[in-house]
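Notes to accompany the following structure.
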Number of protein chains: 2
Amino acid sequence: MSTAEVRPTRQRADKARNRSHILDVAEEFFSQHGVGGSLETIAKRAGVGPGTLYRHFPTREALIAALLQARYEQLFDRFGIIKAESSDSNHALEQWLDALGEYVTAFDGLPAPLRVALSEESSPLAITCQAFITATDELLTAAQRDGYARPWIRSRELFLSVLATAWLRGAALADESSSRALRAILRSGWAEPAPTAE
Amino acid sequence: MSTAEVRPTRQRADKARNRSHILDVAEEFFSQHGVGGSLETIAKRAGVGPGTLYRHFPTREALIAALLQARYEQLFDRFGIIKAESSDSNHALEQWLDALGEYVTAFDGLPAPLRVALSEESSPLAITCQAFITATDELLTAAQRDGYARPWIRSRELFLSVLATAWLRGAALADESSSRALRAILRSGWAEPAPTAE
DNA sequence: GACGAAACGGAGGCTACCTCCGTAGTCTGC
DNA sequence: GCAGACTACGGAGGTAGCCTCCGTTTCGTC
């Protein structure tokens, strides 16, 4: 039994086609209407019944998670680049948090489900979040080692803070100057205050 | 016409009674289920038809605003006390932000409508928010004058940050230590790093 | 007590969620 | 190619919440 032939049962072509098409439509629809948009409308636009949509993505979170999957790799490419090219660990962490903040605002209303996912083991978005925290931790630890980040900061809370800042941006304050001010507050929140004051 | 007798038309007793009863029920219901709970259920529990509820409170925001009204005065009492009793402007600002953070978590899910209200002139919650910002500004300015708060911080963004922190707490991270860590990050965000280092 | 106005209530239209099951489409083995 | 097995589809339909409209009730006044 241990080496049981699990039966290959290749996936049907129409299934793959539908899934991919639903994702395309959802990508566009969520971009326009935020992640709270009607799933039925997405199904309709994709030319499938609601049943099909729910079979592929049992919950809204599952659909969002699938959409993020694609961008996920881009983000981690960026992680690699930031790590490699940044002049110091301070700069690297800054860059990474910016990238994260951007990612997390890919769709309007995205921060909310991500926040929920962080407290629910089962959510398909949870795994994604965990990876973000792990990546953040790597850069944070380096920055702390070099005296750039306050030693008591933990990566989980840092990620949450980025999420919260992104949440504030959403729809509410298109205002660019507010947005910059909030980033600045967050930055002074984690950064060690210029110890090399001289 | 200028001194037109506007007709007193005393309010009907049943109207006042209903309004007050709806508020009682809503207070309890929102406490249990968050501000997203079903308005129809509230109407049912209050023993009135949905029409009556919507006549008194045309939107969910209006209902929430009416509920906050009561706590509002308590909060500003506290504001007075904090101003009067705090040893210094730093402490006062800290205390006030804590009080605000508490207020803003009176009900589960409250931060979200407040955030929206801040970008919509018309929301009945907007006036409330504006008062918070004004109060914050008074203490912030004092703290900045005394060198306790970074000079570039503005009260609007500070309030938003408190809101965001409260949003993170909601449902997601019952975790007490996370909550404290987030407060700490926010605090180092606005506070001037021990300028009296000597 | 009767009249006019104010307030009530709930039926009903709308939208969105999600499920269930008869039907249609796909793949496999021959 | 074709038959058979099985996978996946679609959409009808049940549920729930939002909000409105209008016939009816209740209140205050004269």
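Chain naming here is simple, since letters A, B, ... match the order of the sequence lines and numbering starts at 1 in each.
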Ignoring backbone atoms, test whether N18(B) places a side-chain nitrogen or oxygen under 4.0 Å from the OP1 or OP2 oxygen of dC8(C).
yes
Under 4.0 Å between a side-chain N or O of S38(A) and OP1 or OP2 of dT15(C)?
no
Classify the side-chain pair S178(B)/E157(A) by whether it contains a donor and acceptor separated by less than 3.5 Å.
yes
Do NZ/NE/NH1/NH2 and the carboxylate oxygens of R45(A) and E28(A) come within less than 4.0 Å?
no
Nearest whole Å is fine: how far is dT20(D) C1' from H56(B) NE2?
16 Å
Within the 4.0 Å heavy-atom criterion, would you say R60(B) contacts the bases, only the backbone, or no part of the nucleic acid?
sugar-phosphate
Does the pair R180(A)/E176(A) count as a salt bridge with the N-to-O cut at 4.0 Å?
yes
Nearest to the side chain of D14(A), heavy atoms from C-beta on, is which of dG25(C), dC17(C), dC18(D)?
dG25(C)
Which of these nucleotides, dC18(C), dG17(D), dA11(C), is closest to any side-chain atom of P50(B)?
dA11(C)
With a 3.5 Å cut-off and just heavy-atom distances, do the side chain of R55(B) and the base of dG9(C) make a donor-acceptor pair?
yes
Counting only side-chain heavy atoms from C-beta out, which of dT28(C), dG17(D), dA8(D) sits nearest to Q11(A)?
dA8(D)
Can you check the Y54(A) OH to dA12(D) C1' distance for me, whole Å?
15 Å
Choose from dA7(C), dG9(C), dC17(C) the nucleotide whose nearest atom is closest to any side-chain atom of T52(B).
dG9(C)
Can you measure R45(A) atom CZ to dA16(C) atom P for me and round it to whole angstrom units?
11 Å
Categorize A43(B) for me: base, sugar-phosphate, or nothing, with a 4.0 angstrom heavy-atom threshold over every strand shown.
nothing
Return the value, rounded to whole Å, for the distance between atom CZ of F57(A) and atom P of dA8(D).
14 Å
Gap between atoms CZ and P, on R12(B) and dA5(C) respectively (whole Å)
13 Å
Check whether the side chains of D146(B) and S89(B) place a donor and an acceptor atom closer than 3.5 Å, and report yes or no.
yes
By nearest atom, which of the nucleotides dA8(D), dT29(D), dG10(D) is closest to the V48(A) side chain?
dG10(D)
Verify the ring-centre separation between Y103(A) and F132(A): is it less than 6.0 angstrom?
yes
Find the distance L39(A):CG to dT15(C):C1' and express it as a whole number of Å.
13 Å
Please give, in whole Å, the distance from dG11(D) P to L53(A) CG?
14 Å
Which is more 5' along DNA chain D, the nucleotide nearest G47(A) or the one nearest E40(A)? Just name the residue.
G47(A)
Using atom CZ of R10(B) as one end and atom C1' of dG28(D) as the other, report the distance to the nearest whole Å.
8 Å
